[in-house]
Every structure is written in structure tokens, then in C-alpha cells.
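Everything below concerns the one structure shown next.
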Amino acid sequence: MKICDAHNDFLTEIKTDKEKEEYIKLLKNNKSIRNVACVIWTSELITPLQTISEIKNNYLPKQNKKLILCIEDLGFINKNNFSFVINKLIEIKPFACGLVWNNDNNLGGGALGNSGLTSLGIKVIKELEKNNIIIDTAHMNEKTFWEFCQITSKPIYNSHCNLSYFKNHKRNINNEQIKKIVLSKGFIGLSFVQTFISNNLIDSNIIAKQLAYFVRNYGDENIGIGSDFYGTKNLPIDLKTYSQFNNLKSALKKAGLQNKSINKILYKNFNKFMKSIK
């Protein structure tokens, strides 16, 4: 079985160097894993840009096709440091950057906020996209999402979210947003976060139910996995590590999906999306 994951928070959530190095070695040696988006969450970092540089230099000095550097929350960018930070990000070259986390910031509205894109946010988007760094719409509120859609020149990307059809949560996306992402030839990573999905404990069958719903209604070309490993403790009872992805594969078969669609969900779609960013 082959696996791609569009969102894993271990870079900031594993605290010791030794544990982080061991986890990276585990990922690199896991023959099932094709790509993992390794995310730096900046919201609680005291010196975000410095920490991003240090993490890249210490842990991902030479990005390979397997471990992909991404950044979550560029809210530390302001009018005074804009040029310096943008130039540094272009040098670091993450695959994707999220403008916001859950709250509004200098760039736009987060999932729990009310504002839309700011003029500074628009400048950031244009500069990053010009340098083939894509914007991650995960954590955008709906207002910011639609304003972003009006100016982006790239396929629309959401690394980790769930579907409002199953639960009306502010971190989830609705049918119109899904249609827009699919139309743009973008990518959605379905997360394993229980609180986005249900008020009760969940298992891999519940994840498979959402994925099967997506395939029935929107096709099997634009959906994959954005687990949010290390970003939450509220994971499915049988889907807490990559070694348990066989449980998801079995659940997808039980949900009626064919092997061709299952392989697209588990790895092919994200791999194809990464290659499409030019």
C-alpha cells in the first residue's frame, strides 16, 4: 500500500531533537509513504521566521520528494517586515503556506474570525504564487476563502478539513467550496480530527463514509488524506499512525470504493497535485 499525507504537524509538536530525528528516520524508511507534508505551525512561536529557518536547516536541509516542507499561519508578516520575510520564504521554498490559523490576523480571516483578506494578505498571495509557493486555504473562514478564489492563479488547495455535509463545523467546507476546488483542479485533504466529524468517538469506517460520499458526488480526482497527525489528539480509534492505514483501506472497500479510487485517495491524487504546481 502507498500513502500520501497533506498535513502532519510533527515538526513543531514533537519537542525534542532526538524524537524528531527518530520520527523523520521512520518516515524516510517507511516504504509505503510516498509524500508527507511536514508542517511548521507558527502561531505559538516567539521568533517564527528564525524557527522556520532553523527547522529547515536542522531537519529538512535538502527537501526530497518524500518529506515536503509547509508552513501554517503567516500572521507574523506585517507591513514593516514584508519584503524581508517574503524573500526569506522564497529562499526556503516551502511547498505551501497557510495565511491564517483559527483567528483573524494581518493577512485575513481565520476559521473562528469574521474578517476577509487584507491588502497585505493579497500582496503575500501574489508574491508567493509568483514563486510557485501555493496557498493553503485550510483555516480560512468562508469570506476569506471566496475572496482568495477571486485572485488566485493556482489550483485551490486545502490540506486538512472535513465536510460540512456531515457536521457544521467552522473548520469544514461546504458543497459550493468543494465544487470550486474541484473546478480549479485543486486538492482537498480529508482530516482525521474527530471534533470536525462527530460529537462521538470515530473509527476508520466514519472516515471512509466521508470519502465515499465525496467520490459519489464530486468524483475521485481531487480528494486525499490530510491526517493532522500531531495536530490533534482526537483521532479515530483505529487510525492513529501510518501503520494503521490498512484499516482505512479496508473500510474504503467496505464502503463500496474500487481499488482504482482507493489508490487515488491514499496517494495518487496528492502526488499528482504536487506535480501540477508550476
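This is a predicted model, so every value here is computed, not measured.
- With a 6.0 Å cutoff to the six-membered ring centre and a 45° limit on the axis angle, K123 counts as a cation-pi contact of F82.
- With sequence neighbours excluded, the residues satisfying side chain to side chain donor-acceptor pair (under 3.5 Å) with Q50 are E54.
- Within the 4.5 Å cutoff, side-chain heavy atoms of I225 are placed close to those of F245.
- One hydrophobic cluster, built from ILVMFWY side chains closer than 4.5 Å, holds both V85 and I55.
- Q194 places a side-chain N or O within donor-acceptor distance of the main-chain N or O of N200, the cut-off being under 3.5 Å.
- A heavy-atom distance below 4.5 Å is not found between the side chains of I86 and N131.
- Contacts of E91 classified as salt bridge (charged side-chain N to carboxylate O under 4.0 Å, His left out), with partners at least two apart in sequence or in another chain: K88.
- The heavy-atom pair separating N57 from P61 by the smallest distance is O-CB, 3.6 Å.
- Note on L60 and W41: separate hydrophobic clusters, where clusters join Ile, Leu, Val, Met, Phe, Trp and Tyr whose side-chain heavy atoms are under 4.5 Å apart, directly or indirectly.
- Between L45 and I40 the shortest side-chain heavy-atom distance falls below 4.5 Å.
- For D104, there are no salt bridge (charged side-chain N to carboxylate O under 4.0 Å, His left out) partners two or more places apart in sequence or in a different chain.
- For K2, the side chain to side chain donor-acceptor pair (under 3.5 Å) test picks out no residue, with sequence neighbours left out.
- Side-chain contact between L117 and L99 is present, with at least one heavy-atom pair separated by less than 4.5 Å.
- Note: N271 CG to C4 SG = 5.0 Å, rounded to the nearest 0.5 Å.
- Residues satisfying the side chain to side chain donor-acceptor pair (under 3.5 Å) criterion with E19, sequence neighbours excluded, are T16.
- Applying the side chain to side chain donor-acceptor pair (under 3.5 Å) rule to D5 yields the partners S227, Y242; only residues at least two apart in sequence or on another chain are considered.
- I178 and L257 fall within the same hydrophobic cluster, where Ile, Leu, Val, Met, Phe, Trp and Tyr residues are linked whenever their side-chain heavy atoms come under 4.5 Å apart, directly or through other members.
- In terms of the side-chain contact (heavy atoms from CB on, under 4.5 Å) criterion, residue partners of N132 (sequence neighbours excluded) are, by chain and number, K93, K154.
- From I33, atom CD1 reaches atom CE of M1 across 9.5 Å, with rounding to the nearest 0.5 Å.
- Counting heavy atoms of neighbouring residues, nucleotides and ligands inside a 6.0 Å radius, atom NZ of K167 exceeds 12 of them.
- By the criterion of side-chain heavy atoms lying less than 4.5 angstrom apart, applied directly or through intervening Ile, Leu, Val, Met, Phe, Trp or Tyr residues, L69 is grouped together with I77 in one hydrophobic cluster.
- At least one side-chain heavy atom of I134 sits less than 4.5 Å from a side-chain heavy atom of F95.
- The salt bridge (charged side-chain N to carboxylate O under 4.0 Å, His left out) pairs that include a residue from residues 20-39 number zero, where partners must be two or more places apart or lie in different chains.
- In this structure, the separation between OH on Y230 and CD1 on I14 is 4.0 Å, given to the nearest 0.5 Å.
- The heavy-atom pair separating I197 from F192 by the smallest distance is CD1-C, 4.2 Å.
- Surrounding NZ of K79 are at most 12 heavy atoms belonging to other residues, nucleotides or ligands under 6.0 Å away.
- No donor-acceptor distance shorter than 3.5 angstrom exists from the side chain of K66 to the backbone of N29, with no hydrogens or angles considered.
- Of all the heavy atoms in L190 and Q210, the pair that sits closest is CD1-OE1, 3.4 Å.
- Counting only distance, with no hydrogens or angles, the side chain of N87 and the backbone of S83 share a donor-acceptor pair below 3.5 Å.
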- Item | side-chain contact (heavy atoms from CB on, under 4.5 Å) evaluation trace for Y218 with I188 | CA-CA 12 Å; Y218 308 104; I188 297 165; over 6 Å; no
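- A 6.0 Å sphere centred on NZ of K126 holds no more than 12 heavy atoms belonging to other residues, nucleotides or ligands.
- Nearest heavy-atom pair, S204 versus P236, reported as atom, atom and distance to 0.1 Å: N-CB, 4.3 Å.
- Side-chain contact check for N102 and K170: no donor-acceptor pair (N or O, by modelled atom type) lies under 3.5 Å.
- Annotation: side chain of L74 is in contact with side chain of L89 (closest heavy-atom distance under 4.5 Å).
- Among all heavy-atom pairs drawn from L211 and G224, the shortest one is CD2-O, 4.2 Å.
- A distance below 6.0 Å separates the ring centres of F270 and F187.
- In this structure, D136 contributes its side chain and S159 its backbone to a donor-acceptor pair below 3.5 Å.
- In this structure, I125 CD1 and L120 CG are separated by 10.0 Å, a value rounded to the nearest 0.5 Å.
- Under the 4.5 Å side-chain heavy-atom criterion for ILVMFWY residues, no single connected hydrophobic cluster contains both L11 and V39.
- Within the 3.5 Å criterion, the main-chain N or O of A251 finds no donor-acceptor partner in the side chain of N205.
- T118 places a side-chain N or O within 3.5 Å of a backbone atom of G121 that can act as its donor or acceptor partner.
- Using modelled atom types, one side-chain atom of N81 and one backbone atom of N78 make a donor-acceptor pair closer than 3.5 Å.
- Judged by distance alone, the side chain of N263 and the main-chain N or O of L266 form no donor-acceptor pair under 3.5 Å.
- Here ring-ring contact (aromatic ring centres under 6.0 Å, His included) pairs that include residues 105-145, with residues two or more places apart or in two chains, are W101-H139, H139-H160.
- With a 4.5 Å cut-off on side-chain heavy atoms, T47 and F76 do not count as touching.
- For the salt bridge (charged side-chain N to carboxylate O under 4.0 Å, His left out) condition, the pairs that include at least one residue of residues 266-276, sequence neighbours left out, are E221-K272.
- Listed by chain and residue number, N141, E147 satisfy the side-chain contact (heavy atoms from CB on, under 4.5 Å) test with K143 (two or more places apart in sequence, or in another chain).
- Side-chain atoms of S250 do not come within 3.5 Å of backbone N or O of N247 as any donor-acceptor pair.
- One N or O on the side chain of N106 and one on the backbone of G75 form a donor-acceptor pair closer than 3.5 Å.
- Atom SG of C161 sits about 11.0 Å away from atom CG of D228, to the nearest 0.5 Å.
- A donor-acceptor pair shorter than 3.5 Å can be found between the side chains of W146 and E142.
- Scanning all heavy atoms of the two residues, the minimum distance from F273 to G186 falls at CE1-CA, 3.9 Å.
- Between I262 and I265 there is no side-chain heavy-atom pair separated by less than 4.5 Å.
- Here the straight-line distance linking atom CD1 of I202 with atom CG of D238 works out to 9.0 Å at 0.5 Å rounding.
- N172 and Y165 are not linked by any side-chain donor-acceptor pair at a separation below 3.5 angstrom, with hydrogens and angles left out of the test.
- Scored by the side-chain contact (heavy atoms from CB on, under 4.5 Å) test, S153 finds E129 as partners (sequence neighbours excluded).
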- Task: Check step by step if side-chain contact (heavy atoms from CB on, under 4.5 Å) holds for I206 and D203.
- Result: CA-CA 6 Å; I206 302 299; D203 61 14; 3.7 Å; yes
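- Side-chain contact, D220 with S261: a donor N or O sits under 3.5 Å from an acceptor N or O.
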